[in-house]
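Here's the structure, in structure tokens; my notes come after.
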Amino acid sequence: MRDPLTVLTEAFTSFLFGKVETTRLPVRTSTGQAQAVYLPTAAPGLGDSGVIIGREVYSGKGYIYDPFQLYGQQLPAPHWLVLGESGNGKSALEKTYVLRQLRFRDRQVVVLDAQGEDGVGEWNLIAEELGITPIRLDPMAALDHGIRLNPLDPAITTTGQLALLRTIIEVAMGHGLDERSGFALKVAHAYVNETIVERQPVLTDIVEQLRHPEPESAEAMNVAIDDVRAWGLDVALVLDRLVDGDLRGMFDGPTTVGIDLDAPLIVFDLSHIDRNSIAMPILMAIVGVWLEHTWIRPDRKKRIFLVEEAWHIINSPFVAQLFQRLLKFGRRLGLSFVAVVHHLSDVVDGAAAREAAAILKMASTRTIYAQKADEARATGRVLGLPRWAVEIIPTLTPGIAVWDVNGNVQVVKHLITETERPLVFTDRAMTESSADFTDDALRAAELEAEERAAAFVEQHIGDSSESTVA
């Protein structure tokens, strides 16, 4: 109870001088409604140096990303993983990113183009616009003086050649080489390199030596010559597939003269290879090692190695081990590896789970487009994404993705210029991206996506105690 004298005094004072203090009634509301008063704060961007990707959905700020600019302070590694189901904008992001990077003079890009239509890869249009001829690896064309890559190219070190031969054989066989088969391969490779000096050694020479080993090979290990021949028989049969089987012509001769490794963009068109066959990981292993020894040089250029259908690499223990070395080695020479994968479950539950985890750990940047709810939860667990990001992934519409740059998680809308649009949206990309919409329909879809994102923030983030919206 208040003192009656005080009450009387306040009433008399108010009568003489008017009310001197305003009494506010309490207001009960939710943080979702009060957010107009206490506005959320957008997460900081990644700086203003690099290539523009688009804009951050919640703040509207421009989103700029460049692994070479961020490396060291904000990024422990320059490698990048892009995830998402078909039709959500992965191809458009890759292509515009490369086109924008190539505006810098010290950038160089290699693309392994594993998809295509009408007999060409989907990067063919961009290559033509830049005046570049893709390196088309095609078994049928190779028989008619097409492109060849030699696993025994003298530009590759002897150690690299042997590692590549082992990988080819192990991928094809589906298991590692035993000691005896490994010994037969090693002595055959050593003999070929020592005795063939007037030309490039080729796979045919290795197969011939495995079939007819030299007596010195057996004497060195004090075994019978027939034993060495038997140990190398399975190896010879596998390599014979590259020489006289369904992959003949691409790897059984000297490397084609005239491949321009100094071009700003180098496209390896693999669209003529069956993506589900054993040939694809073998092909990627050969191209990867060949590039490691011929393309990556200490010349201060910043290089980007973009691989579509990268699960062929990550899901094979033997190919993954080769690329792990490439990633570690390339980091010192300015290499950013970009792996494009549809589903993370394609690799984390496969035979190469340990190797896949190692490669994923090297990718400090992750971009996740729309996925189904169960896939999004699995992706979130593997990549350590915050709960709000996992919940929003199934609601994303084409062109919008969750970006995780070494823990800086934001929702980004990818923007495409009118100049880029005809190069980016090939027939296939148009089909996958549902780009049969008119421009008005596209704008309506984009507006709807932004409204849904804002509603999600209000419902799931505005009601929380956090003051920052990533």
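Note that the numbering runs from 1 along the sequence shown for the chain.
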Set of salt bridge (Lys or Arg N to Asp or Glu O under 4.0 Å) partners for D299, sequence neighbours left out | R303
Between K90 and E308, does at least one N-O distance fall below 4.0 Å, as a salt bridge requires?
-> no
Can you tell which of L306, L270, L137 makes a side-chain contact (heavy atoms from CB on, under 4.5 Å) with L112?
-> L270
Is the backbone N or O of I156 less than 3.5 Å from a side-chain atom of D153, with the two atoms forming a donor-acceptor pair by type?
-> no
Atom CD of Q200: over 12 foreign heavy atoms under 6.0 Å = yes
Taking the side chain from T255 and the backbone from N150, do they hold a donor-acceptor pair closer than 3.5 Å?
-> yes
Under 3.5 Å, side chain of H79 to main-chain N/O of F337, donor-acceptor pair present?
-> yes
Using modelled atom types only, decide if a donor and an acceptor are shared between the side chain of D113 and the backbone of W123 within a distance under 3.5 Å.
-> yes
Rounded to the nearest 0.5 Å, how far does CG of L93 lie from CD1 of I416?
-> 9.0 Å
For the pair R297 and D262, find out whether any cationic side-chain nitrogen is under 4.0 Å from an anionic carboxylate oxygen.
-> yes
Decide yes or no on side-chain hydrogen bond (donor to acceptor under 3.5 Å, both in side chains) for H175 and E170, but give the supporting numbers first.
-> CA-CA 5 Å; H175 59 79; E170 289 170 339; over 6 Å; no
Report yes if some heavy atom in the side chain of V338 is under 4.5 Å from a heavy atom in the side chain of V98; otherwise report no.
-> no
Only residue of R100, K302, K301 satisfying side-chain contact (heavy atoms from CB on, under 4.5 Å) with R107 is K302
Please determine, by modelled atom types, if W403 and T365 share a side-chain donor-acceptor pair under 3.5 angstrom.
-> no
Partner residues of S181 under the side-chain contact (heavy atoms from CB on, under 4.5 Å) criterion, sequence neighbours left out | L177, D178, V235
Is there a side-chain contact between E128 and N124 (heavy atoms, below 4.5 Å)?
-> yes
Under the side-chain hydrogen bond (donor to acceptor under 3.5 Å, both in side chains) criterion, do S91 and E94 qualify, and how do the steps go?
-> CA-CA 5 Å; S91 293; E94 300 158 26; 4.6 Å; no
Check: N408 side chain, V405 main-chain N or O, donor-acceptor pair, under 3.5 Å | no
Can a salt bridge be assigned to the pair K95 and E420 using a cut-off of 4.0 Å between side-chain N and carboxylate O?
-> no
Once the angle between the rings of Y65 and Y97 is folded into 0 to 90°, is it parallel (under 30°), tilted (30 to 60°) or perpendicular (over 60°)?
-> tilted
Is any side-chain heavy atom of W80 less than 4.5 Å from a side-chain heavy atom of P67?
-> no
Using the side chain to side chain contact (heavy atoms under 4.5 Å, CB included) rule, take E85 and H343 through it: C-alpha gap first, then chi angles, then the decisive distance, then the call.
-> CA-CA 7 Å; E85 296 182 353; H343 304 290; 3.4 Å; yes
Pair K372 + E375, salt bridge at N-O below 4.0 Å | no
Ignoring hydrogens and angles, tell me if any N or O in the side chain of Q108 forms a donor-acceptor pair with the backbone of L261 under 3.5 Å.
-> yes
For K186, check salt bridge (Lys or Arg N to Asp or Glu O under 4.0 Å) against everything at least two apart and list the hits.
-> none
Donor-acceptor pair, Q371 side chain versus I393 backbone, under 3.5 Å?
-> no
